[in-house]
Amino acid sequence: MADNLLDVRNLKMGATVYPPGEPPRDITIVDGVSFTLEKGRVLGLIGESGAGKSTIGLAAMGYGRGGVEITGGEVFVNGRDILKGGIGALRKLRGKEVCYVAQSAAAAFNPAHRLMDQVVEAALLHGTANRKQAEERAVALFAKLGLPDPEKIGRRYPHQVSGGQLQRVMTAMALCSEPDLIVFDEPTTALDVTTQIDVLAAIKDAIRDFGVAALYITHDLAVVAQVSDEIMVLRNGRQVEHGTTEQVIHRPREDYTKALVSVRSIVHEEKKPTPEPVLKVENITAAYSGTVRVLKNVSVEVHPGQTLAVVGESGSGKSTLARVITGLLPPIEGSVTFAGRELSRALAQRSKDDLRELQMIYQMADVAMNPRQTVGTIIGRPLEFYFGMRGKEKQRRIAELLEEIEMGDGFIDRYPAELSGGQKQRVCIARALAAKPSLIICDEVTSALDPLVADGILKLLLNLQRIENVAYLFITHDLATVKAIADSIAVMYRGEVVRYGSKSEVLKPPFDDYTDLLLSSVPEMELGWLEKAIAGRRMESAGY
């Protein structure tokens, strides 16, 4: 045990839930998980939402979030059981021996304090450095992590740096007190692929150069394959498989691991465009507050029964284009033609039929449904509004739609809180289909879902397209999703379409600089991919 920095034995964690109208009951979140971790090694914890990944990571700090308690087992850090030392010992441990990097750096930083003050706080609190030493250490870390102007960036406030920069500042904050173990909790999930690769490289270099051990929590096997020495696969709080990264990626033993490895294996043959598009966007320029131009002369088409993928990083104008098409943001210039007729610029001026034929599915299903309405009421609303359906006719159609989305009428009386993330998104799809639209705008509909769940949603959308001949405008920053579902692709950058055409044309070299960067930044489930990608970028920047 002396060689192991972290030794977790038969860990059990649980909580008490209080269902409305029912007596409280205890639930198990982590059930008998054991593993060890040596200094300088990285263990990837992978699994779907609710698998217990973050709960186990926080247990390495002796912490249970949101009422979660450690109900059994032992957690040894540097040879001592941290669960037996009391709260005073845990306070000395957290931020000194074990540090935590959260998924959302924007939510983790205090917006009222400068970055430097927050980065050095733990080192000062634990006495591992005085102010001058801590700031010198922080500046060196900023430089090591590739942050711009490392001498001065600490003077900025959190809102004055980008998401990728803030995530690297948080990694610097974790390293500043020179810990033995860092828990990385989905540190790149909220980032664009072009930013993600830089943050991943920075994290991997920091782990290697400072010799710390790390738990790397994620649901993306392609990401964890780049940074981990070992991988533990979790499901429903239990260990499914544990082995070296090479073994888990190339020779998975368990069926669940095999499913994770093979996810996103959908093969979609692109269809030839029909003579007349169902949607034609011509020379659209749009701005917020009349001054900041977010879209600049954008033109795209969507054909019946086909999918146009609109791809690009955050801030490229993807969702703004959707707002213009739906009438939520009237454009300054240009026109939107739907089924041969030009649509009114503002939503309030559009006919009921215009509204019916063009539906939208949102990224966050949680906030797109009324939590006080049942699934039947949510799906039934467009049936009443557009077709005047009532009674048995409406109930029959709701049941048909639930069958189409592969859920069944057993869900008709459930509330959103009683559904999983994937089920909620399926209900949103059924609500859109209830209007019998010609086009559905899908705005990042799989980005908040686990890979297996997202894979099921993509397969469902493709199947529904075959049955209903509905067209999709699919907004995403995930190139794997684009390859799985698109017939044509529009690549957007800073409000402009920089590459546009059929999927085979857009994904075929030679590429423009931005498309090349985008495609080369998508992690592949291949050991050593990150080093190759970074080396390729360096060669290009050097002019080779």
Let me see the working for Thr320 and Tyr288 under side-chain hydrogen bond (donor to acceptor under 3.5 Å, both in side chains), right down to the final yes or no. CA-CA 9 Å; Thr320 303; Tyr288 290 112; 3.1 Å; yes
Check whether any side-chain N or O of [X] sits under 3.5 Å from a backbone N or O of [Y] as a donor-acceptor pair, and report yes or no.
X	Y	result
Glu418	Tyr415	yes
Thr476	Val311	no
Arg356	Pro382	no
Glu526	Gln226	no
Lys53	Glu48	yes
Ser228	Val224	yes
Gln167	Gln103	yes
Gln465	Val470	yes
Lys436	Glu468	no
Lys318	Glu313	yes

When rounded to the nearest 0.5 angstrom, what distance separates [atom1] in [X] from [atom2] in [Y]?
X	Y	atom1	atom2	answer
Glu384	Thr377	CD	OG1	8.5 Å
Glu270	Leu507	CD	CG	8.5 Å
Cys428	Met364	SG	CE	11.0 Å
Thr481	Phe474	OG1	CZ	5.5 Å
Lys424	Asp366	NZ	CG	3.5 Å
Ile412	Ile378	CD1	CD1	11.5 Å

Heavy-atom neighbours of [X] [atom1] exceed 12 at 6.0 Å:
X	atom1	value
Arg156	CZ	yes
Lys272	NZ	no
Lys483	NZ	no

Partner residues of Ser335 under the side chain to side chain donor-acceptor pair (under 3.5 Å) criterion, sequence neighbours left out: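 Partners of Ser335 under the side chain to side chain donor-acceptor pair (under 3.5 Å) test: none.
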For Tyr362 and Val367, run side chain to side chain contact (heavy atoms under 4.5 Å, CB included): C-alpha distance rounded to whole Å, both residues' side-chain angles, the deciding distance at 0.1 Å, then the answer. CA-CA 9 Å; Tyr362 298 90; Val367 297; over 6 Å; no
Leu221 vs Ile231, test: side chain to side chain contact (heavy atoms under 4.5 Å, CB included). Steps then yes/no. CA-CA 9 Å; Leu221 256 176; Ile231 295 174; 4.0 Å; yes
Which atom of [X] lies closest to which atom of [Y], heavy atoms considered:
X	Y	answer
Arg168	Ala202	CD-CB, 4.0 Å
Gly501	Val506	N-CG2, 3.5 Å
Pro158	Phe109	CG-CB, 3.8 Å
Glu230	Thr245	N-OG1, 3.5 Å
Ala430	Ile379	CB-CD1, 3.7 Å
Met360	Ala322	CE-CB, 3.9 Å

Give me the one residue out of Leu464, Val445, Ile441, Val302 that meets side chain to side chain contact (heavy atoms under 4.5 Å, CB included) with Tyr472.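 The option that passes is Leu464.
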Taking side chain to side chain contact (heavy atoms under 4.5 Å, CB included) as the criterion, tell me which of Ile46, Thr188, Val101 meets it with Tyr216.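 Between Tyr216 and the candidates, side chain to side chain contact (heavy atoms under 4.5 Å, CB included) is satisfied uniquely by Thr188.
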So, do [X] and [Y] sit near enough that their side-chain heavy atoms are less than 4.5 Å apart?
X	Y	value
Asn297	Asn283	yes
Pro111	Tyr157	no
Arg431	Met369	yes
Ile534	Ile197	yes
Leu321	Ile475	no
Tyr500	Glu301	yes
Met492	Leu295	yes
His219	Glu186	yes

Looking at Arg341 and Glu357, is any side-chain nitrogen of the basic one under 4.0 Å from a carboxylate oxygen of the acidic one?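 Looking at Arg341 together with Glu357, the answer is yes, because their closest N to O distance falls below 4.0 Å.
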Test side chain to side chain contact (heavy atoms under 4.5 Å, CB included) applied to Gln196 and Val223, step by step: CA-CA 9 Å; Gln196 175 180 257; Val223 167; 3.9 Å; yes
Pair up each side-chain donor or acceptor in residues 401-410 with any protein partner under 3.5 Å, not counting sequence neighbours, and list the distances.
from, atom 1, to, atom 2, distance (Å)
Glu406, OE1, Arg426, NH1, 3.4

Start with the C-alpha gap between Val300 and Val310, add the side-chain angles, then the distance that decides, and say whether side chain to side chain contact (heavy atoms under 4.5 Å, CB included) holds. CA-CA 9 Å; Val300 294; Val310 180; 5.8 Å; no
Yes or no on salt bridge (Lys or Arg N to Asp or Glu O under 4.0 Å) for Lys508 and Glu505, after CA distance, side-chain angles and deciding distance? CA-CA 5 Å; Lys508 182 180 178 181; Glu505 291 170 346; over 6 Å; no
Give every residue pair that meets the salt bridge (Lys or Arg N to Asp or Glu O under 4.0 Å) criterion with at least one member in residues 319-332, sequence neighbours excluded.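 Pairs touching residues 319-332 that pass the test: none.
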